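Here the structure is a predicted model, which is why all the values come from computation and not from measurement.
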Amino acid sequence: MNRAELDNRLRELGIYSDFYYRKELMSLHRLLSEGETLNCIFTGVNEANRKMVAITDSRIIIIFAGALGSGEVKVVRKSAVKSCSFEKKFLFSTASFSTSDEDFFFKNVEGKVKGLFESAMA
């Protein structure tokens with residue numbers, strides 16, 4: 001998926017912004033495979049770092065761009081997810097999911113992505 005296709009998909013999802021975490025998006029458009037559909041994207045704080053989470057039809061991609069150096073990318077197969085939840089709060093919502101090996105918890109997530117998250121994780 002090229003960057004223009006990614007920007008169009010973000011507009012379709014209703015979450016596009018010219019200032020939406022450019023460093024992470026630069027990595028994301030290179031990580032998405034041809035034919036892979038992006039269903040949800042959000043940022044949240046995990047392990048004291050702001051990270052971007054992209055949920056596609058087959059996997060979850062977690063990107064930490066890093067301020068000074070190289071970042072990190074973690075990929076989780078959606079089929080490995082055992083449970084997930086989204087708690088919408090007035091200001092700072094939380095999203096989480098678990099595999100048999102690891103738990104992922106993100107705080108300070110925008111509440112408006114609750115529907116996208118739940119649909120993408122179903």
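Of all non-hydrogen atoms in V109 and G44, the two that sit nearest each other are CG2-CA, 4.0 Å. Of all non-hydrogen atoms in C40 and L13, the two that sit nearest each other are N-CD1, 4.2 Å. Residues L31 and E36 approach most closely at O-OE1, 4.2 Å, considering heavy atoms.
Side chains of F42 and L116 form no contact here, defined as non-hydrogen atoms less than 4.5 Å apart. Two residues are said to be in side-chain contact when any heavy atoms from C-beta on lie closer than 4.5 Å; V76 and T99 meet this criterion. Side-chain contact between T43 and K51 is absent, with no heavy atoms from C-beta onward closer than 4.5 Å.
For the atom pair CG of L38 and CG of L28, the computed distance is 6.0 Å after rounding to the nearest 0.5 Å. Atom NZ of K78 and atom CD1 of I55 lie 7.0 Å apart (nearest 0.5 Å). To the nearest 0.5 angstrom, L6 atom CG is 11.5 Å from R30 atom CZ. For the atom pair CD (E5) and CD (E34), the distance works out to 6.0 Å, reported to the nearest 0.5 Å. Taking CE from M121 and CZ from F97, the interatomic distance works out to 5.5 Å, rounded to the nearest 0.5 Å. Between atom CG of residue L10 and atom NE2 of residue H29 there is a gap of 12.0 Å, rounded to the nearest 0.5 Å.
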Side chain to side chain contact (heavy atoms under 4.5 Å, CB included) assessment of F64 paired with E47: CA-CA 11 Å; F64 170 61; E47 298 173 347; over 6 Å; no

Can I get a per-line list of side-chain donor-acceptor pairs under 3.5 Å for residues 79-94, giving both atom names and the distance, sequence neighbours left out?
unit_1 : atom_1 : unit_2 : atom_2 : d
S79    : OG     : R77    : NE     : 3.4
S85    : OG     : S96    : OG     : 2.9
S93    : OG     : K89    : N      : 3.1

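Hydrophobic clustering, defined by side-chain heavy atoms of Ile, Leu, Val, Met, Phe, Trp and Tyr closer than 4.5 Å, leaves F105 isolated from every other such residue.
Salt bridge status for K114 with E110: absent, with no side-chain N to carboxylate O gap under 4.0 Å.
I60 and V45 are assigned to two separate hydrophobic clusters, defined by single-linkage of ILVMFWY side chains at heavy-atom distances under 4.5 Å.
In terms of the side chain to side chain donor-acceptor pair (under 3.5 Å) criterion, D101 has no residue partners (sequence neighbours excluded).
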